[in-house]
J.: 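The structure under discussion is supplied below as structure tokens; questions concerning it will follow.
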Number of protein chains: 2
Amino acid sequence: MLTSSEENYIKALFYLQQKASKGVSTSSLAQRLDTKPSSATDMLQKLSEKGLVDYVKYKGALLSTDGYQLAAHVVRKHRLWEVFLVKTLGFSWDQVHDIAEQLEHVHAPLLVEKLDAFLGHPRRDPHGDPIPDKNGQIHQVEKALLSTQQNDQESILVSIKDANDDFLKYLNQKNISLGAFIKVIALEPFDGSMTVEVNHETHYFSSTITNNLYVQSL
Amino acid sequence: MLTSSEENYIKALFYLQQKASKGVSTSSLAQRLDTKPSSATDMLQKLSEKGLVDYVKYKGALLSTDGYQLAAHVVRKHRLWEVFLVKTLGFSWDQVHDIAEQLEHVHAPLLVEKLDAFLGHPRRDPHGDPIPDKNGQIHQVEKALLSTQQNDQESILVSIKDANDDFLKYLNQKNISLGAFIKVIALEPFDGSMTVEVNHETHYFSSTITNNLYVQSL
DNA sequence: ATATTATTTTAGATGAAACTAAAAATTTAT
DNA sequence: ATAAATTTTTAGTTTCATCTAAAATAATAT
């Protein structure tokens with residue numbers, strides 16, 4: 001069984017290797033976990049010994065198949081607890097991360113499955129992120145351009161078509177990131193522009209924008 | 001903030017000092033926590049430094065006011081989680097202890113209060129043990145002799161009037177202990193005897209017995 | 001291509017929490 | 001009351017996860 005610290009490291013690798021397809025650097029790992037690079041090196045060596053990480057000195061690390069499986073399971077627990085905290089106990093979505101960070105380290109397989117059943121087998125957490133299934137599979141759902149969505153349709157921002165710098169800056173400045181909750185308020189058929197609500201704030205999007213955002217319908 | 005280990009020690013002291021009114025011995029503490037006496041000594045010295053335990057070398061230890069407060073809060077969390085596991089997730093009462101043992105160490109005051117509210121402010125856990133309130137007070141509830149209970153009445157065994165050895169042996173042999181769930185099945189008015197269900201097993205109690213058991217109605 | 005800079009790893013140290021073995025204190029028995 | 005047995009404490013190790021400082025490697029800039 002893994003320690004909490006080991007679980008935190010493989011979870012961080014799980015996130016970081018999604019972006020960078022090459023090996024995850026020691027420093028980025030340390031930065032994400034708010035620790036020092038030397039500590040990250042120590043842990044990478046240990047996890048490599050255990051066969052959970054493929055690690056080459058100075059070259060970076062990636063999760064092995066086993067490591068990925070375990071990481072997905074920790075993420076599953078984290079996201080199920082977040083759903084519980086928001087849906088069952090009435091927390092707001094921004095209060096739950098730190099609590100779920102503790103709950104995810106509780107080891108009790110039956111608890112996870114009973115919680116999942118009680119919550120009605122949710123497919124996404126309150127931030128819109130997908131919940132891995134009990135085998136660690138992340139159900140990749142069909143995505144569509146925001147421009148194809150109908151009035152009142154609710155969706156989650158899942159990816160960006162052309163991720164050029166200017167566009168990312170635009171999104172960043174408006175505080176819009178992957179996982180954002182988007183609801184179509186009004187469509188303008190003559191130019192394809194849209195009034196949308198993103199995380200409780202109203203925005204006007206031209207067709208250039210709506211044709212560049214992939215969403216997943218809720 | 002206390003470590004999980006420190007919390008386990010003060011919780012063990014909380015239980016042990018209820019029975020023995022004198023100082024709790026190093027060995028009994030070690031035995032309860034399945035560890036060695038030398039480890040218990042180390043921890044008692046640390047907790048004494050922190051002002052949570054009144055400890056005199058070779059003489060045993062008792063919780064200070066602060067320590068008692070903290071212990072009661074850990075017990076509160078443990079018992080609330082047990083109620084959640086049984087009532088909300090459908091675990092049986094004998095499966096929940098080890099899981100609650102982990103959940104009790106999650107630090108999130110708001111979580112405890114929201115969980116308490118969600119569960120409807122329960123006063124006892126699934127084993128019949130009282131749940132301390134948010135100030136660490138253990139609400140001592142009114143108790144009555146089992147002989148005064150009506151048909152179908154459900155109650156919890158809370159104490160014994162005359163705790164003589166023979167009677168305790170009798171209870172022990174029948175596997176009946178404090179916290180037991182008792183339901184009155186049938187009353188015999190002519191001699192005051194009773195048919196009762198104790199923890200899902202049927203027993204016949206004479207009036208001598210029903211006049212010696214204090215219960216708390218549910 | 002070599003020097004400079006940045007990143008990564010190693011070596012050694014610290015604090016928690018446990019352990020074993022030996023010393024000290026207390027309790028029990030003769 | 002003293003000896004024997006038991007309990008408790010101390011002293012010294014171990015493992016885990018972190019740190020700092022120094023050495024090794026890789027990346028970059030002239």
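Since the model is a prediction, treat every value here as computed from it, not as a measurement.
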J.: Of the options A:Ile182, A:Thr202, A:Ile176, A:Ile209, which is the one that meets A:Val196 in a side chain to side chain contact (heavy atoms under 4.5 Å, CB included)?
T.: A:Ile182

J.: Salt bridge check: are B:Glu104 and B:Lys11 linked by an N-O gap of less than 4.0 Å?
T.: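 Yes, this pair counts.
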
J.: Taking only heavy atoms on the protein side, list every residue of residues 47-61 of chain B lying under 4.0 Å from any atom of DNA chain C, sorted numerically.
T.: B:Tyr58

J.: Keeping B:Ser64 on the side-chain end and B:Gly51 on the backbone end, is there a donor-acceptor pair under 3.5 Å?
T.: yes

J.: I'd like to know if the side chain of A:Thr88 and the backbone of A:Leu85 have a donor-acceptor N/O pair within less than 3.5 Å.
T.: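 Between the backbone of A:Leu85 and the side chain of A:Thr88 there is no qualifying donor-acceptor contact (under 3.5 Å).
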
J.: So, B:Asp125 side chain and B:Val83 main chain: donor-acceptor pair closer than 3.5 Å or not?
T.: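 A pair under 3.5 Å: no.
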
J.: Send over the distance from B:Met43 CE to D:dT8 P, rounded to a whole Å.
T.: 17 Å

J.: Between B:Phe84 and A:Phe84, does the ring centre distance come in under 6.0 Å?
T.: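 Yes.
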
J.: What is the distance, to the nearest angstrom, from the CG atom on B:Asp42 to the C1' atom on C:dC19?
T.: 10 Å

J.: Taking only the side-chain heavy atoms of B:Gln45 (C-beta and beyond), determine which of D:dT9, C:dT9, C:dC19 contains the nearest atom.
T.: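 Side chain of B:Gln45 sits closest to D:dT9.
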
J.: Restricting to ring pair (Phe, Tyr, Trp, His ring centres under 6.0 Å), what partner residues turn up for A:His121, sequence neighbours left out?
T.: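 So A:His121 forms no ring pair (Phe, Tyr, Trp, His ring centres under 6.0 Å) with any residue.
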
J.: In residues 1-13 of chain B, which ones come under 4.0 Å of DNA chain C, going by heavy atoms?
T.: B:Thr3, B:Ser5, B:Tyr9

J.: Where the side chain of B:Thr41 meets the backbone of B:Pro37, is there a donor-acceptor pair that is under 3.5 Å apart?
T.: yes

J.: Pairs under 3.5 angstrom, nitrogen or oxygen only, protein versus nucleotides 20-22 of chain D, please.
T.:
| unit_1 | atom_1 | unit_2 | atom_2 | d |
| --- | --- | --- | --- | --- |
| D:dT20 | O4 | A:Ser38 | OG | 3.1 |

J.: Tell me whether B:Asp66 contacts the main-chain N or O of B:Leu52 through its side chain, where contact means a donor paired with an acceptor under 3.5 Å.
T.: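 Answer holds: no.
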
J.: Assess whether a salt bridge exists between A:Lys50 and A:Glu6, defined as any Lys/Arg side-chain N lying under 4.0 Å from an Asp/Glu carboxylate O.
T.: yes

J.: For the side chain of A:Arg76 and the backbone of A:Ile131, is there at least one donor-acceptor N/O pair under 3.5 Å apart?
T.: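 Answer holds: no.
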
J.: Kindly state which residues belonging to residues 25-34 of chain B come within less than 4.0 angstrom of DNA chain D, counting heavy atoms of the residue only, listed by number.
T.: B:Ser25, B:Thr26, B:Ser27

J.: Thinking salt bridges, do A:Glu82 and A:Lys77 make one under a 4.0 Å N-O criterion?
T.: no

J.: In this structure, how many angstroms lie between the P atom of C:dT9 and the CG atom of A:Leu44, rounded?
T.: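 The distance from CG of A:Leu44 to P of C:dT9 comes to 7 Å, rounded to the nearest Å.
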
J.: Please list, chain by chain and in numerical order, all residues satisfying salt bridge (charged side-chain N to carboxylate O under 4.0 Å, His left out) with B:Glu7, sequence neighbours excluded.
T.: none

